[in-house]
Each structure stands twice: as structure tokens, then as C-alpha cells.
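Chain letters run A, B, ... following the sequence lines, proteins first and then strands; every chain starts at 1. On a predicted model such as this, the values are computed, not experimentally measured, just so you know.
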Protein chains: 2
Amino acid sequence: MEQYFSILVQCPLFSGIEQEDMKAMLKCLGGKFISVSKGDPVFLEGTPAQLVGVVLSGGVQVVQDDYYGNRSVLSILQPGESFGEAFSCAGLENMPVSVFAMKDSQVLLLNCGRILTLCSHTCHFHSLLIQNILKGLAQKNLAFTQKVRYMSQKTTKEKLLAYLFDQAKQQGSAEFVVPCERQALADYLGVERTAMSAEISKLKKAGLLDTKGSWFCLKHVYQNN
Amino acid sequence: MEQYFSILVQCPLFSGIEQEDMKAMLKCLGGKFISVSKGDPVFLEGTPAQLVGVVLSGGVQVVQDDYYGNRSVLSILQPGESFGEAFSCAGLENMPVSVFAMKDSQVLLLNCGRILTLCSHTCHFHSLLIQNILKGLAQKNLAFTQKVRYMSQKTTKEKLLAYLFDQAKQQGSAEFVVPCERQALADYLGVERTAMSAEISKLKKAGLLDTKGSWFCLKHVYQNN
DNA sequence: TCTCCTATGTTGGAATTCCAACAACTGTTT
DNA sequence: AAACAGTTGTTGGAATTCCAACATAGGAGA
């Protein structure tokens, strides 16, 4: 158990909480360490939604099945990442997703109800924990907002430019570096890599853009295209 | 001021808080009621991100400008709705958006820092408020997750079916009613209304679907298309 | 009933995307 | 240098979407 404290203190969920407080906190929250074999579920859809999980080792997958059993992968989580907050905090009765171990994994399960309501005046880490959850959810919200804005553009070119303009703004310069490669960027924007490549070439030839690898430079010629 | 308490108690942000507690709470949180004329800003991009706003009357618009000044509308808020939580809770230094009044409006501004940290042991509504914010953010997260999942499908048909399958599942029946009209549904899915209409017709002719207005019925024939 | 209005469905050609196959470039290893 | 793997750019035809214009249906009100 103690062996995982060094992982936990690095996890965003526990940011600001000292390692020596960890044990008391886990006790207060009713934390349970569980081992899950590769392919086995951490929990299944329909489980009461009051769990927050933290991956300690291995890796897990959050999946959702539709009405006809077609399965889609919502996210893949590495050690240190947490899952389930959104469902538990949204006030759902039951989990709308299942979580499976992709490798043999260790997972810490917390009871979300205890996090949100109990004893907030005695444990000082309690409000810290809530703020961390809040911060995580809020950041995901912002990330989603951006992604949806890019994806809502009609054409590949518009999606790409919307993204690049945002990057320029965030990094405060028309010259900047994007955090991923072409394929990953295309996937993120919901476009085809080859179509995106073609658009980039066109923009280059038109003198509106320069790029090499993950480095981009926008020329100051834009208004509304 | 008191005149707005009846609006506030209906607002999701203050759900569970009694009208008689409202005054004390607003004092504790440093709430400020402000009037904004049509077209004027509630706040501008760059303002320190620690505000949460609640629309009391009129209506406001959240807008974001890109690096070259192209403006896009992120959301439109009616009385009772709140804004700014995501930015404040995400730990941003400054607001990345501006908020403008679309009509003459009354707005309540709260200091998010006070909500999250102060005096959580004395005011019992404090933890309620935090839970309400948490719940709101979590619900938006789930909504975004779904929307992104639909929009990530390649074709109009796939986007539509992903949505319909989800609706069937959520409503627990292959027969269900969608909460909006064709045009709004198309906009939400990021497709063209006419293309969507065409797909619906095809599915109907293929006997996979029946629909009239907002009523839909999926036939049990699907596996993976 | 007739008219108006809005929501929805239909259609055809232009524009765009998708997909597969391949070419060019880069960095690494041998 | 040569071989190799991985990333990025190019291209052409099939599939799909976009867009405008029009058709149809149903409801509200005169």
C-alpha cells in the first residue's frame, strides 16, 4: 500500500497533499486498493455511480456500448490518471460506462460521496481534494470547448486554421510549436491526415503559412478565411 | 436585490439553498449585482479569472476572438444560467473570453475564490454551492463527451445513428422522442440538414427506421453499420 | 377554405473528402 | 553508405457532402 504513495502524490487528483497525510486521507475516504487482471473489469456499466478511480499501475480503458452492443473506447488511462469523477459528480445513478484493465493493474477506488460531503471541517485535505477534482473537470471542459469549436468548422482548411489561430493566441506569437505530429493533429481535429497535408501545402504555396515538423509560422495576412 | 431571490433559488447553481439563506450567502460570497446595457461588456478577455456570473434578466453572450480578431460565439445564456465557472475553476490567470450583454441585463457576480476556499465550516450552503458547481461542470463534461463522439464519426449516416443509438439507450427503448427539430439536431451533430434528411429517408426505405417529427423508432436489425 | 409560414424532404451539380497507393524526406542503425 | 522505419507530402478516382433551389406537408390564423 505505502509503495503507491509516491505515485499518488504526483497524481493531479492529490496535488498539494503531502505524502505523510496520504494514509489518514485514504482511511477517511475509505480508499480501497484493488488488483485487476488484464481483461477483467474494474467496474461494469450499471454499477452505482459513486466511485472515483486512480490508476496506480498497468492501464485501463473506459468503454461505452450503444443500444445494439457496438462498443466504443472513450479513453485510455495511464498510471496517475483518474476516472469516474464526471459520472459520480454529475449525479448519475449508475455508471454509463465500463472500465477494463488493459494490463494487469493496480487501482485505487475512492467513494465519491465521502469526498464531497463528509467531515470537510476536520480534514484540511478535503477541500484540497475537491478543488483538484473541480480543476480537472474544468480543464477538461475547456479542452472540449476548443475541440468542438475546431470540429464544428466545415472544411479541413477551416478546422486547421481555427486550431492554428488558437495556438498562435495561446502561445502569444504567430510562430509556435504544436504539441503533436500530423497524424495525431488530424485525428484530434477529426480530419484526414492526407487532406490536411494537402491543405498545409496549399497554404504554404499561397504564402500564408510556413511549417516544418511541429513548427508553424502564420503570416499576418488573415482576416476571415 | 431581494427581487431577484426568486430567480436565484431556481438557478441550478443555488439548488438546495433556501431563499431565506440567500442574503447571508451573498454577503459571505461578496456577491455584486450589476446592470449592463445592451452591447456593453460584463467583463472583457484578460480580466482576472475568478468570477462566476449569474444572469438575472436579459441575456448575455460569451465570445472568443482568435489571434486575428475573428470572433466566435461560444454560448448564449438566459436568465438563471451561470458562466465563468470553468475558467475560474480551471486555474486560469485570466479570462480567455469576453461576455457581452445582448439586451439590457442584470447580472450577479460572485468571487469564485471565496466560493472554493473560505469558511466552509461555518456556512452550510458553502459545500452545497461547491457540489452544484461540480455537478454542472460534470454534466457539461458528459454532454461534451457525447457530442464529440457523434461528431467524430465520418459520415452523416454514422453521426446520426450514433446519436439515435444513444438516445435509444438513454431512454431505454428503441422507440423514443428526440428533444429538438431536424435543423437543431443537424447543427448539434455538425451535419447538413438536407444531407441528414436524405439519410433518414434512405434508412426509412431500408426499413431500419421509422420517424415522424421528433418521434423515432429503430428496428432491431443493427449490428455495425 | 384559403393563405401564410415553417418544418421537412428531394434533387442535381459543384466542391470536398475519403482512401489507397506511392513518393520524398528524416533520423537511426549497421 | 546502405538499409530501414517512421513521418510527411502527393495524387487520382470513388464516395460523400455542400448548397441552392424547389416540392411537400401540416398548423395557425384570417
Side-chain angles (χ1 to χ4, degrees), chain A residues 70 72 76 147-165 167 175-219 222 224-225, chain B residues 72 147-165 167 175-219 222 224-225:
Chain A
N70 303 310
S72 60
I76 290 177
K147 183 176 164 95
V148 166
R149 197 153 51 80
Y150 308 144
M151 291 182 73
S152 297
Q153 302 296 319
K154 276 193 299 286
T155 65
T156 298
K157 178 180 174 184
E158 287 168 333
K159 288 174 193 173
L160 175 64
L161 285 177
Y163 174 79
L164 294 178
F165 287 177
Q167 285 296 311
E175 202 177 331
F176 54 87
V177 167
V178 299
C180 57
E181 307 182 321
R182 295 280 185 276
Q183 181 66 63
L185 179 55
D187 291 345
Y188 171 72
L189 297 176
V191 303
E192 252 220 289
R193 184 192 61 79
T194 61
M196 192 180 75
S197 256
E199 290 301 339
I200 289 175
S201 295
K202 275 196 222 166
L203 292 168
K204 264 184 170 176
K205 278 173 194 149
L208 302 174
L209 183 68
D210 199 8
T211 175
K212 179 166 188 180
S214 60
W215 172 85
F216 281 82
C217 180
L218 298 174
K219 309 300 180 181
Y222 292 99
N224 249 313
N225 39 0
Chain B
S72 60
K147 182 177 164 95
V148 166
R149 198 154 51 80
Y150 308 144
M151 290 181 73
S152 296
Q153 303 295 320
K154 277 192 298 285
T155 66
T156 298
K157 179 181 173 185
E158 287 168 334
K159 289 175 191 174
L160 175 65
L161 285 178
Y163 174 79
L164 294 178
F165 286 177
Q167 286 296 310
E175 201 176 333
F176 55 86
V177 168
V178 299
C180 56
E181 306 183 323
R182 294 281 184 275
Q183 180 67 62
L185 179 54
D187 291 345
Y188 171 72
L189 297 176
V191 302
E192 252 220 290
R193 184 191 61 78
T194 61
M196 192 179 76
S197 258
E199 290 301 339
I200 289 175
S201 295
K202 274 195 221 167
L203 291 168
K204 263 185 171 175
K205 276 173 195 151
L208 302 174
L209 183 70
D210 199 9
T211 174
K212 180 165 188 182
S214 59
W215 171 85
F216 281 81
C217 180
L218 297 174
K219 308 300 178 183
Y222 292 99
N224 248 315
N225 39 0

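Proximity note for A:T194 (side chain, C-beta onward) versus C:dT17, D:dA21, C:dC19: the nearest is C:dC19. Looking at the side chain of A:R182, the nearest of the listed nucleotides D:dG9, C:dG9, D:dC19 is D:dG9. Set against C:dG9, D:dC19, D:dT8, the side chain of B:R193 has C:dG9 as its closest nucleotide. Checked against C:dT8, D:dT16, D:dT8, the side chain of B:S197 finds its nearest nucleotide in C:dT8. Between C:dG9, D:dT17, D:dT10, one nucleotide has an atom nearer to the side chain of A:K205 than all others, and that is D:dT10. Taking the side chain of B:E199 as heavy atoms from C-beta on, and the options D:dT7, C:dT8, D:dT17, the nearest nucleotide is D:dT17.
Look at CG on A:L185: it is 10 Å from P on D:dT8, rounded to the nearest Å. Rounded to an integer number of Å, the gap from B:K204 NZ to D:dA25 P is 12 Å. Following rounding to the nearest Å, A:Q183 (CD) and D:dG9 (P) show an atom-to-atom distance of 12 Å. The distance between atom CD of A:Q153 and atom C1' of D:dC18, rounded to the nearest whole Å, is 15 Å. For the pair A:M196 CE and D:dT10 P, the interatomic distance rounds to 13 Å; values are reported in whole Å. Here the P atom of nucleotide D:dC18 and the NZ atom of B:K157 are 17 Å apart, to the nearest Å. The NZ-P distance, from B:K202 to C:dT11, rounds to 12 Å in whole Å. Remark: C1' of C:dT8 and CH2 of B:W215 are 16 Å apart, rounded to the nearest angstrom.
If B:K154 and B:G213 are placed on DNA chain C by their nearest nucleotide, the residue sitting closer to the 5' end is B:G213. For the pair B:K212 and A:A198, nearest-nucleotide mapping onto DNA chain D gives the more 5' position to A:A198.
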Could you walk me through whether B:L218 and B:L208 pass the side-chain contact (heavy atoms from CB on, under 4.5 Å) check?
CA-CA 6 Å; B:L218 297 174; B:L208 302 174; over 6 Å; no
Report task. Would you please test B:V178 and B:T211 for side-chain contact (heavy atoms from CB on, under 4.5 Å) and show each step? Result -> CA-CA 10 Å; B:V178 299; B:T211 174; over 6 Å; no
Subject >> side-chain contact (heavy atoms from CB on, under 4.5 Å) between A:L160 and A:Q153, worked out >> reply: CA-CA 9 Å; A:L160 175 64; A:Q153 302 296 319; over 6 Å; no
Checklist line | Pair B:K202-B:E199, side-chain contact (heavy atoms from CB on, under 4.5 Å): steps then yes or no | finding: CA-CA 5 Å; B:K202 274 195 221 167; B:E199 290 301 339; 3.7 Å; yes
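Residue contacts shown for B:E192 include a base, since a base heavy atom lies under 4.0 Å away.
Ring-plane geometry between B:Y150 and B:Y188 is classed as perpendicular, the angle between the planes exceeding 60 degrees on a 0 to 90 degree scale with a lower cut at 30.
Listed pair B:T156 / D:dT17 meets the phosphate criterion, a side-chain N or O lying under 4.0 Å from OP1 or OP2.
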